Visitor: 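Here it is, the structure in full.
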Amino acid sequence: MCPLHTADLQRIFKQLDKNGDDQVSLEELNWLLERIGVRLSLEELESFVGKSSLDLNEFLFFWKSISKQNNNKVDDHEVKGEINGDDNENDDDGEISDLLEAFNVFDLNGDGFISCEELQNVLSRLGLWDEKSGKDCTRMICMYDTNLDGVLDFEEFKNMMLLSKS
């Protein structure tokens, strides 16, 4: 599952939809993918998507699919099950797996920790970072950094995400 909340993805969709037609073109979608490190030609993207633009629901499904494919965690059966609303994962295992996937998105250097700079980098690539967010990143890390080392390890990240859900 994608590490972003639906509200975040809806905001990203609106930002990508430059002409306000409630569709994201392949060019707009490709721009976003390149910003997060996914490199596809327009031909590959069109082949994958099967159309020249996506509405919000298609975008949400695409984001979930590409997130999983980018991490080698999806197969055709699983995608078809999601289209039909089936979810065969154990909720607890799926949640931990989702959190680990999200953690790895933010842990850009792969050292097992999320620094304020890594958090800002990811938010910036998604178009969600501004000066206020930078201050929030520092505050967020300080708030959940239980061992006071200035970074979040997976357990601290997991606690932050689980607390923010409730």
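Everything quoted here is computed from the prediction, not taken from an experiment.
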Visitor: Could you walk me through whether Asp55 and Asp22 satisfy the side chain to side chain contact (heavy atoms under 4.5 Å, CB included) test, starting with their C-alpha distance in whole Å, then the side-chain angles of each, then the deciding distance to 0.1 Å, before giving a yes or no?
Guide: CA-CA 6 Å; Asp55 65 20; Asp22 293 325; 6.0 Å; no
Visitor: According to salt bridge (charged side-chain N to carboxylate O under 4.0 Å, His left out), does anything in residues 150-159 pair up with another residue at least two apart or in another chain? List the pairs.
Guide: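 Non-adjacent pairs meeting salt bridge (charged side-chain N to carboxylate O under 4.0 Å, His left out): Glu155-Lys158.
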Visitor: CG/Asn147 to CG/Leu152 distance, rounded to the nearest 0.5 angstrom?
Guide: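 If I round to the nearest 0.5 Å, the distance is 9.0 Å.
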Visitor: Which atoms form the tightest heavy-atom contact between Phe59 and Leu9, and what is the distance?
Guide: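 Looking at all heavy atoms of both residues, the closest pair is CE2-O, 3.6 Å.
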Visitor: Taking all atoms of both residues into account, what is the closest heavy-atom pair of Leu56 and Phe13, and its distance?
Guide: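 Closest approach of Leu56 to Phe13, heavy atoms only: N-CZ, 3.5 Å.
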Visitor: Would you mind checking if Lys51 and Glu58 are paired as a salt bridge, meaning a charged N to carboxylate O distance below 4.0 Å?
Guide: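 A salt bridge is present here (some side-chain N lies under 4.0 Å from a carboxylate O).
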Visitor: How long is the span from the OG atom in Ser25 to the CG atom in Asn19, to the nearest 0.5 Å?
Guide: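 The CG atom of Asn19 is 8.0 Å from OG of Ser25, to the nearest 0.5 Å.
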Visitor: Identify the heavy atoms of Lys18 and Glu28 that sit nearest to each other, and give their distance.
Guide: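 Minimum heavy-atom contact is N-OE2, 3.4 Å.
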Visitor: Would you check, one step at a time, whether the test side chain to side chain contact (heavy atoms under 4.5 Å, CB included) holds for Phe154 with Asp107?
Guide: CA-CA 10 Å; Phe154 178 70; Asp107 180 18; over 6 Å; no
Visitor: Is there a donor-acceptor pair closer than 3.5 Å between any side-chain N or O of Gln23 and the backbone N or O of Asp17?
Guide: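 Absent.
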Visitor: Test your reading of the model: is there a side-chain donor-acceptor pair from Glu46 to the backbone of Glu43, 3.5 Å cut-off?
Guide: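 Side chain of Glu46 to backbone of Glu43: no pair is present.
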Visitor: Distance check, rounded to the nearest 0.5 Å: Ile141 atom CD1 versus Leu119 atom CG?
Guide: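 The CG atom of Leu119 is 5.5 Å from CD1 of Ile141, to the nearest 0.5 Å.
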Visitor: Linking directly or through intermediates, with side-chain heavy atoms under 4.5 Å: list the remaining ILVMFWY members grouped with Val151, chain and number order.
Guide: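 Its cluster mates, by chain and number, are Phe113.
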Visitor: Do Leu29 and Phe62 pass the side chain to side chain contact (heavy atoms under 4.5 Å, CB included) test, and can you show the C-alpha distance, the side-chain angles, and the key distance before you say yes or no?
Guide: CA-CA 10 Å; Leu29 187 59; Phe62 172 80; 3.7 Å; yes
Visitor: Just verifying a value: how many Å separate Leu16 CG and Asn30 CG, rounded to the nearest 0.5 Å?
Guide: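 So the CG of Leu16 and the CG of Asn30 are separated by 11.0 Å.
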Visitor: Mind running side chain to side chain contact (heavy atoms under 4.5 Å, CB included) on Phe61 and Leu54 for me, showing each step along the way?
Guide: CA-CA 10 Å; Phe61 178 75; Leu54 301 175; over 6 Å; no
Visitor: Would you give the length of the straight line joining atom OG of Ser41 to atom CG of Leu26, rounded to the nearest 0.5 angstrom?
Guide: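 CG of Leu26 is found 10.5 Å from OG of Ser41.
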Visitor: Take the angle between the ring planes of Phe103 and Phe157 and call it parallel below 30°, perpendicular above 60°, tilted in between.
Guide: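 It falls in the perpendicular class, over 60°.
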Visitor: Any chance you could measure Ser53, atom OG, to Asp21, atom CG, to the nearest 0.5 Å?
Guide: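 Here the rounded value is 7.0 Å.
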